[in-house]
**Student:** 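Here's a structure for you.
This structure is a prediction, so every number in the text was calculated from the model and none was measured.
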Amino acid sequence: MSLGIAAMGLFVGFMVGLTGVGGASLLTPILVLAGINPSIAVGTDLLYNSVTKFFGTIQHWRQKTIDFKLTKYLAMGSLPGVVVSIALLHTFNSYYHNQETLIKHALGYVLILVAIATIVKVFFDHKLSGNRWQAKPLEQKKGLTIAIGAVLGFIVGLTSIGSGSLFAIALMYLFQMSASKLVGTDIAHAFLLATVAGLLHAGLGNVDYMLALNLLLGSIPGVLLGSMLSSKAPTKLLRSVIASLILISGFKLI
């Protein structure tokens, strides 16, 4: 079982390093389809994401590729959003005992959304630039930024998916910044979001620590290997294939 989970982590880490597609949108449905309870899959994935994003955040902080003010505004919306979603999930489960079904269906719909977002990012990223929102200073978009954070934070708390992919699309559309700063800001915010959500899920008993450890043992070398080969890989084609697999997983879970 440990070898199988580590191999799963290796595969997900390798694909993340190779293509940059978010790990949660690959890992969480694989765990659920492999028979792990949806609540455990979500909670464990958030903890796993927190650890991996921590190292990414340190690296981008050293490179000075994090917009801390933008990260703060996103977190002002996303952290309350994630608290509300997990509190509602716990409340619904107390009254209706349908937590697993609710998470599974939410996962399906969000995976379809992520697949569409990935396709948009691959083929239409050039059309997201130069719009009127990008020309406005951050302070004029403060309320909108916080609102986007709240909505997407709610989704992440419920499904563990979107801390990278959905926020990246929002950042691409609303803000004019270099690719490295976009990635750094996205990772730094995702670290905060995954940590808070992971701790809340852990408090509800939704984290399997040995599962997370086994996944990390496989994913760390996988990410390093995938990153080394990324410059030689047909990234656009691979991202399209992965988006198709994510879309199929979403329909399967629904």
**Student:** Linking I/L/V/M/F/W/Y whenever their side-chain heavy atoms sit closer than 4.5 Å, directly or via other members, would Leu47 and Phe191 fall into one cluster?
**Tutor:** no
**Student:** List the steps, then state whether side-chain contact (heavy atoms from CB on, under 4.5 Å) holds for Asn49 with Thr52.
**Tutor:** CA-CA 5 Å; Asn49 254 311; Thr52 55; 4.0 Å; yes
**Student:** Give me the atom names and distance for the closest heavy-atom approach of Ile148 to Ala170.
**Tutor:** CG2-CB, 4.0 Å
**Student:** Is any side-chain heavy atom of Leu111 closer than 4.5 Å to a side-chain heavy atom of Pro29?
**Tutor:**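 Yes, their side chains come closer than 4.5 Å.
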**Student:** Taking all heavy atoms of Leu46 and all of Ala197, pick out the closest pair and write down the distance.
**Tutor:**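 Closest approach of Leu46 to Ala197, heavy atoms only: CD1-CB, 3.6 Å.
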**Student:** So, the side chain of Lys141 versus the backbone of Lys136: is there a donor-acceptor pair under 3.5 Å, distance only?
**Tutor:**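 Yes; judged by distance alone, with no hydrogens or angles, the pair exists.
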**Student:** Between Leu107 and Val32, what is the shortest heavy-atom contact and its length?
**Tutor:** CD1-CG2, 3.8 Å
**Student:** Can you pull out every side-chain hydrogen bond (donor to acceptor under 3.5 Å, both in side chains) where at least one residue sits in residues 147-157? Sequence neighbours excluded, please.
**Tutor:** none
**Student:** About how many Å separate OG of Ser160 and CD1 of Ile155, when rounded to the nearest 0.5 Å?
**Tutor:**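 The distance works out to 12.0 Å.
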**Student:** Find the distance between OH (Tyr73) and CZ (Phe68) and round it off to the nearest 0.5 Å.
**Tutor:** 15.0 Å
**Student:** Do Leu166 and Leu144 share a hydrophobic cluster (ILVMFWY, side-chain heavy atoms under 4.5 Å, transitive)?
**Tutor:** yes
**Student:** Got Leu193 and Val82 here, is their nearest side-chain heavy-atom distance under 4.5 Å?
**Tutor:** yes
**Student:** How many angstroms lie between CG in Leu204 and CD1 in Ile40, if you round to the nearest 0.5 Å?
**Tutor:** 10.0 Å
**Student:** Enter the distance from Leu3:CG to Leu10:CG here, rounded to the nearest 0.5 Å.
**Tutor:** 11.5 Å
**Student:** How far apart are the closest heavy atoms of Gly153 and Ser85, and which atoms are they?
**Tutor:**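 That closest heavy-atom pairing would be O-OG, 4.3 Å.
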**Student:** Under 4.5 Å between side-chain heavy atoms, hopping through other hydrophobics if needed: is there a path connecting Leu31 to Leu217?
**Tutor:**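 In one cluster with Leu31: Leu217, no.
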**Student:** According to side chain to side chain contact (heavy atoms under 4.5 Å, CB included), who are the partners of Ala202, at least two apart in sequence or on a separate chain?
**Tutor:** Val207, Tyr209
**Student:** Output all residues satisfying side chain to side chain contact (heavy atoms under 4.5 Å, CB included) with Leu89, sequence neighbours left out; order by chain, then residue number.
**Tutor:**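 In terms of side chain to side chain contact (heavy atoms under 4.5 Å, CB included), with neighbours along the sequence ignored, Leu89 is linked to Gln99, Leu102, Ile103, Leu158, His201.
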**Student:** So, does Asp45 use its side chain to make a donor-acceptor pair with the main chain of Ala41 at under 3.5 Å?
**Tutor:**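 A pair under 3.5 Å: no.
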**Student:** Going through the distances and angles, do Asn206 and Ile86 end up as a side-chain contact (heavy atoms from CB on, under 4.5 Å)?
**Tutor:** CA-CA 11 Å; Asn206 292 342; Ile86 294 173; over 6 Å; no
**Student:** Suppose the criterion is salt bridge (Lys or Arg N to Asp or Glu O under 4.0 Å): which pairs have a residue in residues 61-90, not counting sequence neighbours?
**Tutor:**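 Pairs touching residues 61-90 that pass the test: Lys69-Glu139.
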**Student:** Judged by atom type as modelled, is there a donor-acceptor pair below 3.5 Å linking the side chain of Thr65 to the main-chain atoms of His60?
**Tutor:** yes
**Student:** Under 6.0 Å from the CZ atom of Phe175, do we count more than 12 heavy atoms belonging to anything else shown?
**Tutor:** yes
**Student:** Can you establish whether the number of heavy atoms outside His105 located under 6.0 Å from its atom NE2 is more than 12?
**Tutor:** yes
**Student:** Quick check: is Ile161 connected to Val83 through a chain of hydrophobic side chains (ILVMFWY, heavy atoms under 4.5 Å apart)?
**Tutor:**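 Yes; Ile161 is reachable from Val83 via cluster members.
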**Student:** Taking all atoms of both residues into account, what is the closest heavy-atom pair of Thr57 and Ile66, and its distance?
**Tutor:** O-CD1, 3.8 Å
**Student:** Where the side chain of Thr44 meets the backbone of Asp208, is there a donor-acceptor pair that is under 3.5 Å apart?
**Tutor:** yes
**Student:** Can you measure from CG (Leu216) to CD1 (Ile5) and round to the nearest 0.5 angstrom?
**Tutor:**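 Atom-to-atom, Leu216:CG and Ile5:CD1 are 12.0 Å apart.
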**Student:** Check whether any side-chain heavy atom of Leu247 lies under 4.5 Å from a side-chain heavy atom of Ile119, and answer yes or no.
**Tutor:**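 A side-chain contact under 4.5 Å is absent here.
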**Student:** How far apart are the closest heavy atoms of Gly77 and Pro80, and which atoms are they?
**Tutor:**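 Closest approach of Gly77 to Pro80: O-CD, 3.4 Å.
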**Student:** Say whether Leu215 and Leu199 are linked into one hydrophobic cluster, either directly or through other cluster members, by side-chain heavy-atom distances under 4.5 angstrom.
**Tutor:** no
**Student:** Can you pull out every side-chain hydrogen bond (donor to acceptor under 3.5 Å, both in side chains) where at least one residue sits in residues 143-153? Sequence neighbours excluded, please.
**Tutor:**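 Matches after skipping sequence neighbours: none remain.
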**Student:** What ring pair (Phe, Tyr, Trp, His ring centres under 6.0 Å) pairs are there with at least one residue in residues 139-172, not counting sequence neighbours?
**Tutor:** Phe167-His189
**Student:** When rounded to the nearest 0.5 angstrom, what is the spacing between OG1 in Thr28 and CG in Leu33?
**Tutor:** 10.5 Å
